[in-house]
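Quick notes on the structure that follows.
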Amino acid sequence: MSSSQSVSLRTLWLGTLIVLLAMGVRATFGLFMQPMGLAHGWGRDVFSMAFALQNLVWGVACIFMGMLADRYGSGRTIALGALLYVAGMIGTRLATDEFSLYMTAGVLVGLGQAGTTFPVILPVVARSVPPEFRSTAMGIASAGGSMGQFLVVPAGQMLISGLDWTGALWALSLLAATGIPLAYYLRGKPATHAGGQSLSAAIRQALQHPSFHFLAGSYFVCGFHTAFITLHLPAYVADGGLNASQGATAIALIGLFNVIGSFYAGKLGGRHSKKKLLAGVYGLRAFGMLLLLAMPLSPWVLYAFAAWMGLFWLGTVPLTQGLIGQIYGLRYAATLSGIAFLGHQVGSFIGVWLGGYVYSTTGNYDLMWWIGIALAVIAALLCLPVREQSLESRPVPQAVA
């Protein structure tokens with residue numbers, strides 16, 4: 001194996017590991033809703049607001065973390081993100097009122113996630129591998145987020161059972177801290193080219209291109225689905241007469257099956273139209289939610305739903321970010337991915353907050369599932385007009401004398 005191949009593999013696997021830890025810890029937040037709520041007298045609306053704020057901060061901060069990575073290097077950015085993540089987890093353990101919960105689990109953890117997840121990590125991975133392997137590599141790194149969900153959520157439930165929620169948060173803080181030393185091996189920033197685009201010009205070009213808005217709009221729906229289900233599915237399961245362990249198992253199954261889904265989304269994205277694959281992912285999500293509503297809730301119905309949704313869970317990430325790199329180039333991919341990811345996180349904010357509001361006003365989540373189905377259909381339709389041609393490959397107009 002050549003030295004460059006060794007570096008590429010190391011970057012891929014360490015980047016995947018950082019995403020695994022960051023997304024895995026994030027997926028445990030729904031498990032803390034009931035024990036922390038009982039301890040502090042907080043309702044689901046309080047946790048919904050904290051998690052919604054976390055997602056919104058994550059999305060906004062991704063833009064600035066992307067700029068930091070493109071300008072100063074990915075290693076520093078990832079280390080900063082991991083440090084903020086740890087501070088947020090410790091702060092969540094020490095929070096005593098709603099405001100402190102919002103500032104720690106919401107703001108600090110959101111900032112930490114911005115530096116340790118897809119918009120920063122995937123461009124690093126994409127630059128480190130040959131173009132023909134790029135889509136598959138991003139699929140593998142995206143699958144790391146799902147493997148984290150599969151591995152860390154059951155571990156989080158066991159930690160809560162064995163150490164109470166307080167000890168579990170300390171343990172998860174240590175897990176999040178792993179990203180700090182690993183960041184050293186993901187140093188570097190995109191190569192600059194003489195006469196190339198400036199950052200501001202690249203942002204203007206993307207924002208003036210309709211396909212970028214279509215991608216951000218469909219990403220909004222992805223965020224709505226994943227954040228609502230991650231936070232509220234354990235409570236939905238408990239309302240339906242199942243227990244907390246079955247809810248945690250369902251979240252873990254989503255993660256396990258998305259390892260397959262993300263890998264093959266990336267692999268297929270290297271061979272077929274990414275926009276058509278994206279449209280199919282959203283359409284199949286709608287089908288899964290329809291089945292959940294149509295059948296009486298039981299453990300096997302829940303697990304079948306979790307497996308189905310897992311296949312199409314984060315497969316949107318390598319496809320969406322692959323399209324951004326394909327259309328707009330890799331020079332400012334972290335920044336542009338961060339801007340598009342803001343759409344994802346606005347969707348996450350609304351999905352989480354609206355889930356808590358709908359439950360508080362209606363006493364169930366039925367309306368949320370129907371909204372999720374309608375949005376999935378809209379997202380599928382938004383993907384179809386995306387123009388997949390690279391803007392970098394288009395001829396530059398000549399000035400008229």
Side-chain angles (χ1 to χ4, degrees), residues 5 8-24 26-27 116-154 182 186 215 218-219 222-223 225-226 229-230 250-285 287-288 303-326 330 333 337 341 344 379 383 388:
Q5 288 175 321
S8 294
L9 283 174
R10 184 185 70 188
T11 301
L12 172 59
W13 295 122
L14 291 182
T16 300
L17 179 58
I18 291 173
V19 172
L20 183 155
L21 296 172
M23 295 298 290
R26 173 183 181 267
T116 54
T117 51
F118 305 119
V120 172
I121 300 293
L122 292 195
V124 177
V125 171
R127 291 193 303 267
S128 73
V129 300
E132 64 273 12
F133 188 59
R134 191 167 288 153
S135 186
T136 300
M138 287 197 291
I140 292 170
S142 299
S146 301
M147 183 58 74
Q149 191 168 313
F150 173 68
L151 294 174
V152 180
V153 169
L182 293 182
L186 297 177
L215 290 171
S218 65
Y219 231 4
C222 179
H225 288 158
T226 56
I229 292 173
T230 298
I251 296 294
L253 277 175
I254 291 174
L256 176 62
F257 277 83
N258 191 58
V259 173
I260 302 168
S262 290
F263 174 76
Y264 279 101
K267 194 171 185 65
L268 291 171
R271 301 176 182 176
H272 305 286
S273 166
K274 292 181 180 67
K275 70 175 185 179
K276 292 179 181 177
L277 290 169
L278 261 181
V281 164
Y282 287 114
L284 291 167
R285 280 189 186 183
F287 180 73
Y303 298 154
F305 165 77
W308 180 266
M309 290 300 289
L311 290 173
F312 311 106
W313 190 249
L314 293 180
T316 58
V317 174
L319 294 172
T320 302
Q321 298 209 184
L323 279 168
I324 290 171
Q326 178 178 313
L330 292 176
S337 294
F341 196 69
H344 185 283
C383 294
E388 298 182 281

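Ser262 meets the side chain to side chain donor-acceptor pair (under 3.5 Å) test with Asn258; sequence neighbours excluded. For Tyr282, there are no ring pair (Phe, Tyr, Trp, His ring centres under 6.0 Å) partners at least two apart in sequence or on another chain. Not a single ring pair (Phe, Tyr, Trp, His ring centres under 6.0 Å) links Phe118 to another residue, sequence neighbours left out. By the side chain to side chain donor-acceptor pair (under 3.5 Å) test, Lys274 pairs with Gln326, sequence neighbours left out. Residues passing the side chain to side chain contact (heavy atoms under 4.5 Å, CB included) test with Pro318 are Met138, Ser142, Ala265, sequence neighbours excluded. With sequence neighbours left out, Ala304 forms a side chain to side chain contact (heavy atoms under 4.5 Å, CB included) with no residue at all. Applying the side chain to side chain contact (heavy atoms under 4.5 Å, CB included) test to Tyr303 and every residue at least two apart in sequence or in another chain returns Gln246, Thr249, Leu253, Pro299, Trp300. With sequence neighbours excluded, no residue forms a ring pair (Phe, Tyr, Trp, His ring centres under 6.0 Å) with Phe257. Residues satisfying the side chain to side chain donor-acceptor pair (under 3.5 Å) criterion with Thr117, sequence neighbours excluded, are Trp58.
Taken to the nearest 0.5 Å, the OG1 atom of Thr116 stands 11.5 Å off from the CG atom of Leu182. Rounded to the nearest 0.5 angstrom, Leu215 CG and Ser337 OG are separated by 10.0 Å. Atom CH2 of Trp308 sits about 5.0 Å away from atom CG of Leu284, to the nearest 0.5 Å. Note that CZ of Phe263 is 16.0 Å distant from CG of Leu314, once rounded to the nearest 0.5 Å. In this structure, CG on Leu256 lies 9.5 Å from CG on Leu311, to the nearest 0.5 angstrom.
Thr316 has its side chain out of reach of His225: every pair of non-hydrogen atoms, C-beta onward, lies at least 4.5 Å apart. Annotation: side chain of Ile140 is not in contact with side chain of Val125 (no heavy-atom distance under 4.5 Å). Between Trp313 and Thr230, some side-chain heavy-atom pair lies under the 4.5 Å cut-off. Counting only heavy atoms from C-beta outward, the side chains of Thr226 and Arg285 approach each other to under 4.5 Å. By the 4.5 Å heavy-atom criterion applied to side chains, Ile229 and Phe305 are counted as neighbours.
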**OP:** For side chain to side chain contact (heavy atoms under 4.5 Å, CB included), just list the numbers for Leu323 and Leu278, CA-CA rounded to whole Å, side-chain angles, deciding distance to a tenth of an Å, and then say yes or no.
**Re:** CA-CA 10 Å; Leu323 279 168; Leu278 261 181; 3.9 Å; yes
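When all heavy atoms are compared, the tightest approach of Val120 to Pro123 is O-CD, 3.5 Å. When all heavy atoms of Cys383 and Lys275 are compared, the pair lying nearest together is O-CB, 3.5 Å.
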Please tabulate, for side-chain N and O atoms in residues 14-21, each donor-acceptor pair with protein atoms closer than 3.5 Å (sequence neighbours left out).
{"from": "Thr16", "atom 1": "OG1", "to": "Leu12", "atom 2": "O", "distance (Å)": "2.7"}

Could you pull out every donor-acceptor pair under 3.5 Å between side chains of residues 129-137 and any protein atom, sequence neighbours left out?
{"from": "Arg134", "atom 1": "NE", "to": "Ala126", "atom 2": "O", "distance (Å)": "3.0"}
{"from": "Ser135", "atom 1": "OG", "to": "Gly266", "atom 2": "O", "distance (Å)": "2.4"}
{"from": "Ser135", "atom 1": "OG", "to": "Gly270", "atom 2": "N", "distance (Å)": "3.3"}

